[in-house]
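Right, one structure below, let's go through it.
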There are 4 protein chains.
Amino acid sequence: MIKVGIAGASGYTGVELVKLISNHPKARLETITSSSYKGKPLTDIFPSMRGFESLICEDLDAQALSTRVDLMFLALPHKVSMSYAAPLIEQGIRVIDLSADFRFNNPDTYEKAYQTHTNTDLLAESVYGLSEIYRDQIKSARIVGNPGCYPTTILLALLPLIREKLIEPTGIISDSKSGVSGAGRSLSLAAHYCEANESFTPYKIGNHRHTPEIEEILSIHSGKEIKITFVPHLVPVTRGMVSTIYGQAAKSVCLKDIRQAYRKWYKGEPFVRLLPDKSFPAMSHVRGTNCCDIGCHFDADTGRIILVSAIDNLLKGAAGQAVQNMNIMFGLVDEIGLNYVQTPL
Amino acid sequence: MIKVGIAGASGYTGVELVKLISNHPKARLETITSSSYKGKPLTDIFPSMRGFESLICEDLDAQALSTRVDLMFLALPHKVSMSYAAPLIEQGIRVIDLSADFRFNNPDTYEKAYQTHTNTDLLAESVYGLSEIYRDQIKSARIVGNPGCYPTTILLALLPLIREKLIEPTGIISDSKSGVSGAGRSLSLAAHYCEANESFTPYKIGNHRHTPEIEEILSIHSGKEIKITFVPHLVPVTRGMVSTIYGQAAKSVCLKDIRQAYRKWYKGEPFVRLLPDKSFPAMSHVRGTNCCDIGCHFDADTGRIILVSAIDNLLKGAAGQAVQNMNIMFGLVDEIGLNYVQTPL
Amino acid sequence: MIKVGIAGASGYTGVELVKLISNHPKARLETITSSSYKGKPLTDIFPSMRGFESLICEDLDAQALSTRVDLMFLALPHKVSMSYAAPLIEQGIRVIDLSADFRFNNPDTYEKAYQTHTNTDLLAESVYGLSEIYRDQIKSARIVGNPGCYPTTILLALLPLIREKLIEPTGIISDSKSGVSGAGRSLSLAAHYCEANESFTPYKIGNHRHTPEIEEILSIHSGKEIKITFVPHLVPVTRGMVSTIYGQAAKSVCLKDIRQAYRKWYKGEPFVRLLPDKSFPAMSHVRGTNCCDIGCHFDADTGRIILVSAIDNLLKGAAGQAVQNMNIMFGLVDEIGLNYVQTPL
Amino acid sequence: MIKVGIAGASGYTGVELVKLISNHPKARLETITSSSYKGKPLTDIFPSMRGFESLICEDLDAQALSTRVDLMFLALPHKVSMSYAAPLIEQGIRVIDLSADFRFNNPDTYEKAYQTHTNTDLLAESVYGLSEIYRDQIKSARIVGNPGCYPTTILLALLPLIREKLIEPTGIISDSKSGVSGAGRSLSLAAHYCEANESFTPYKIGNHRHTPEIEEILSIHSGKEIKITFVPHLVPVTRGMVSTIYGQAAKSVCLKDIRQAYRKWYKGEPFVRLLPDKSFPAMSHVRGTNCCDIGCHFDADTGRIILVSAIDNLLKGAAGQAVQNMNIMFGLVDEIGLNYVQTPL
């Protein structure tokens, strides 16, 4: 049994982790923390959990945790994670951080998009937790930087084509759409019901913080610096994310090559589902699953490749992939605790 | 041309008033105020108004307004209205207040449900703005207390039956349902998208502030003190309100009597629509209109009367009825500026 | 391992059953049937199931099933179930029927609300599958008539109070609200997106078919004929059901008695959750769970009891309760395969 | 007073036209037709119209209409319009057709995307009703082919840049998103509530019928054949449409040039609103208006232009633009009957 703690359990990602670990046959939830709800039972915040989980929110105290947990999930805001990770690692606790604080290879890139990084050594050590791509490094990692939700959709769709040199690395566009839970549980006008409902809104055109995260990984895999155009939009649904990605095929590529690349890269992977020809994923197809569904279209006349990639932003885009990474880190098969569709409807 | 000002234009009720007055053929919008957005154009807050309305949010200064406006709508929070109304009245400006501050007859009732009232003289003078029922008093009123949204649905459905002694005044239940805009534009967890979406929530069972407002009016019209059971619920829609009302018929009443009472009381009223037999209103039937739709059912075996009453909470439940009251106060026919369906869909 | 078949797997209740059985540690899904999609894989209908379930829709052939399954779930329309149940029973296959065909005690009541019943012997034998109340009879039943969704919310809230004589059996009202999935997957104008969205609609006032089902069970338990007033409404959410129930307390009852009755009747029951004082359930609290949450309020002045009862209509209101009944029939604890919250959000 | 008839009044576009004409100060609605609801009052289909419109659905009889109407709106399915238009024109009735039947210049293009055209003479005569661009031809047109909703968003955003040679005509992408009302009132699984709700779905990638319509107009204005990549998606809202458009700037273009082009082309146009720098439109900004809002972004490093264009698909995308065209045809200013925001919320 893996002994697990979850920091920031009162957020949407946090409670999703609680739920996954509560149902996980090889993990046991030992502690949850929340600065806003310290001393309160989780069921005060999420009444749906009544009878399923009786833990009380605690303070995060790394020293006290050393004997209690093997692994800590940090579902905390950017910058807050940064300060908690090192003390945990020092206590021998492995860490999966769901903020942006340990996702970057290059501290300058992080600092440009976020803020000063106060632990660049740990950043250097951390592994990017895109499970299907960094499986080997994740196995032995002490700290994993769990990917952003947008990067997960975009990288899983693009990396096989980049690595197989089937797509031009220049000029790629991702027109991406996210459900509102991606904005978290903190109140904001954009997530106020009457503002988000019955609307659809582009935001942060040209300056979303997930852009450098995506570009860094794409650049590493293509061997040269890649810039992409990334435009996120808000969709009036609670959970779900779709990226529609446009690129130019490398010379003499055909649809078969593209499909073959995915088959090669995701062979045996339970959570990447390549859709049949002419099928494309909808948000509802992946809601409640840890899957990333990918559909592809190729227009031979113009050489344009169109990829559609969909995830549940709280699962494969956050808590689900984090648990998948935990499974990898502790020598379990990926599917344990994740091998189901929560809600086909 | 009636010269109009709107205080609190940056809220949902406020902007609805702006829209109605902008389209009104006999009124001209002279000023809008907002404490949170002073100095900013309304279109910064509601970009949909670009090109239709160019006013800048001002401070509310009663003295400066005396020469500029004939009528002021106060779309302000409870208690704030209380302090602004008197200075406006003193300047000869008529006031329609959309808060609860001038709805009550009995100051004690107000104070029990809200807070100390600092201007009970003005409260005593104010007229309850349920247009169809208090038309005569509204005509010459200096100050009108515009009804709450829930009371509007419940009173319009019940008063004819109470007055005609067709329903037992004891034991009435209203199971009411409101869209989220009723909670306004202030941020709250209950109105956070992911909390309200895909849910349906009863709230304030046994202690909603609209209960004494409803009971006071019912008591006045039945000649004795009436208590009702009122349970509000939150529905995941932006606009709309439905009350399903249950009561016991007085002896030997039949459905025909009930329908006849409505016909008598609402004869010639453009905004109360009695539905045909076996038809009941849905929120979508009244959205974007100033109408209150009423459907009725009578079970002869048990003597139970079931009434369903529906409005658009921002129109007949707030801004629409306020404009209807303005029309009445200024000698216009009720329909002017309100005689349309904004969105059949 | 219980060998299970699901008839009507292409409907919303059917696929929910598929999902539950696929995840069930003590059951194995042997066959699914669908008349509309015969020969097609379930994943063509519900792409979310790709990789999780590979069964092909078959014809329902009782004889061929005799060696393959121990239990058949019938998620078929009313009347269709009636003809399939007997041949299955004859083959020694136990049946849980999710239509109304085997819910009634009195065939006349069924026939008045639905149509001629062609197998009244089997109807007489069938057990009403309200798990918490009919546990003992369900254990050995060959055929279970799984309750309607509305009756489940209303009966679980009322029966303890009826049995303990805490509530007057006369004059009870249930104002109930259902998500759109209750209407199934067959196309209809009422379930067309633009008609249901942003609306809220009462329907079938005075003549919903669940009324006699509720009244029959209430009458059995109170020892005299009970009539209730039941008004259902459609809420724009996919899943969820709330009933707000009004009744008159028997003499000298207090809130403590009411709470005590629930504690007594549901002691040890994992799926009925009595909420703390002044707490009431929302649809989101039970979505993705097999729970029925009950909140209660008592107004001592008027003697009125208000109960709020909430379920996920596809789980405790259909497929979840059916699986709970399967567990009971096969000697398993209720929670197996159901002991989780699918989506706290 | 323009005497107006509306064919197909029982559809979503039809009833929107009814509403607009009912409110129009210079037009009078003389007749409505519906094949499915012949003989029924419109209020049976759309109860929101009770009290506002009392017309009964008739048969479409061109001869009988000749003395009754000056203008006929055809809100009919493709192919049906084709057969009704000529007889009306022969009777001296001007026609605005909202189907695709009279949008194309080249009959071959129409026939490839739709079906055989049976009246190519009338097709040759018809004017494409993109009001801002074809204003002069619309004035005197006997028949106007009202644009598709997607083409309206895309063409209004692109044409000024194409005409001013600021954007490369090759390689343009439009990633477009539509509310569900675009699919009309006919039942379909895709528009079934539980399928569309809480999802987001790309559809018809590579073969949507609006593609040739867009390409024909773009080609005419650029003087050479243009191909675009067009990917539509379904958004769970009733009304609204957003296109996010990507293209490559012509050499040495800057953002100022782009903004200048819009100002030049849409000077004095009341219904195209160019947003301030760094502002982009959301569906809620245009809902209930006849406006097309355009926001633009230019990335100097890569030369990429990003345009976001939003409309209410039932107004500027259908009925609103049709009324705007009527105003132009009858010598009225564009704004009459359209100069308001129906619902800021």
Side-chain angles (χ1 to χ4, degrees), chain A residues 10-16 19 34 36-37 40 44-49 75 149 177-203 233-241 283-284 287-288 312-315 317-319 342-343 345, chain B residues 10-16 19 34 36-37 40 44-49 75 149 177-203 233-241 283-284 287-288 312-315 317-319 342-343 345:
Chain A
S10 60
Y12 291 148
T13 300
V15 72
E16 196 77 23
K19 183 196 69 177
S34 164
S36 343
Y37 293 91
K40 296 209 169 163
D44 274 18
I45 320 166
F46 295 102
S48 63
M49 302 296 285
C149 45
K177 300 90 179 176
S178 174
V180 184
S181 63
R185 205 167 182 246
S186 302
L187 304 184
S188 70
L189 197 57
H192 194 56
Y193 186 84
C194 298
E195 306 284 321
N197 186 41
E198 292 296 291
S199 194
F200 177 88
T201 315
Y203 66 102
H233 304 74
L234 195 66
V235 186
V237 303
T238 296
R239 308 163 71 109
M241 178 166 282
M283 278 188 190
S284 62
R287 188 175 59 236
D312 182 321
N313 60 305
L314 293 179
L315 286 167
Q342 298 174 337
T343 45
L345 194 65
Chain B
S10 60
Y12 291 148
T13 301
V15 72
E16 197 76 25
K19 183 197 69 178
S34 164
S36 344
Y37 294 92
K40 295 208 170 164
D44 274 17
I45 318 167
F46 295 102
S48 62
M49 302 297 286
C149 44
K177 300 90 180 176
S178 174
V180 185
S181 62
R185 205 168 184 247
S186 301
L187 303 185
S188 70
L189 196 58
H192 195 55
Y193 186 83
C194 298
E195 306 283 322
N197 187 40
E198 293 296 289
S199 195
F200 177 87
T201 315
Y203 67 102
H233 304 74
L234 195 66
V235 186
V237 304
T238 296
R239 309 163 70 110
M241 178 166 282
M283 279 188 188
S284 61
R287 188 174 59 235
D312 182 321
N313 60 306
L314 293 179
L315 286 166
Q342 297 174 336
T343 43
L345 195 63

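Scope of the values below: all heavy atoms of this structure, side chains included, with no hydrogens, waters or symmetry mates. Letters go in sequence order (proteins before strands), and every chain restarts at 1.
Of the possible donor and acceptor atoms, one in the side chain of B:His192 sits under 3.5 Å from a partner among the backbone N and O of A:Gly184.
A pairwise comparison of heavy atoms in A:Tyr193 and B:Ala196 identifies CD1-CB, 3.7 Å as the closest pair.
If you take CG on B:Leu187 and OG on A:Ser186, they are separated by 11.0 Å, rounding to the nearest 0.5 Å. In this structure, B:Glu195 CD and A:Phe46 CZ are separated by 6.5 Å, a value rounded to the nearest 0.5 Å.
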**Message:** Under the criterion side-chain contact (heavy atoms from CB on, under 4.5 Å), I'd like the reasoning laid out for A:Val180 against B:Asn197: C-alpha separation, chi angles, the key distance, then a yes or no.
**Reply:** CA-CA 10 Å; A:Val180 184; B:Asn197 187 40; over 6 Å; no

**Item:** Trace of the side-chain contact (heavy atoms from CB on, under 4.5 Å) decision for B:Glu198 with A:Val237
**Value:** CA-CA 9 Å; B:Glu198 293 296 289; A:Val237 303; over 6 Å; no

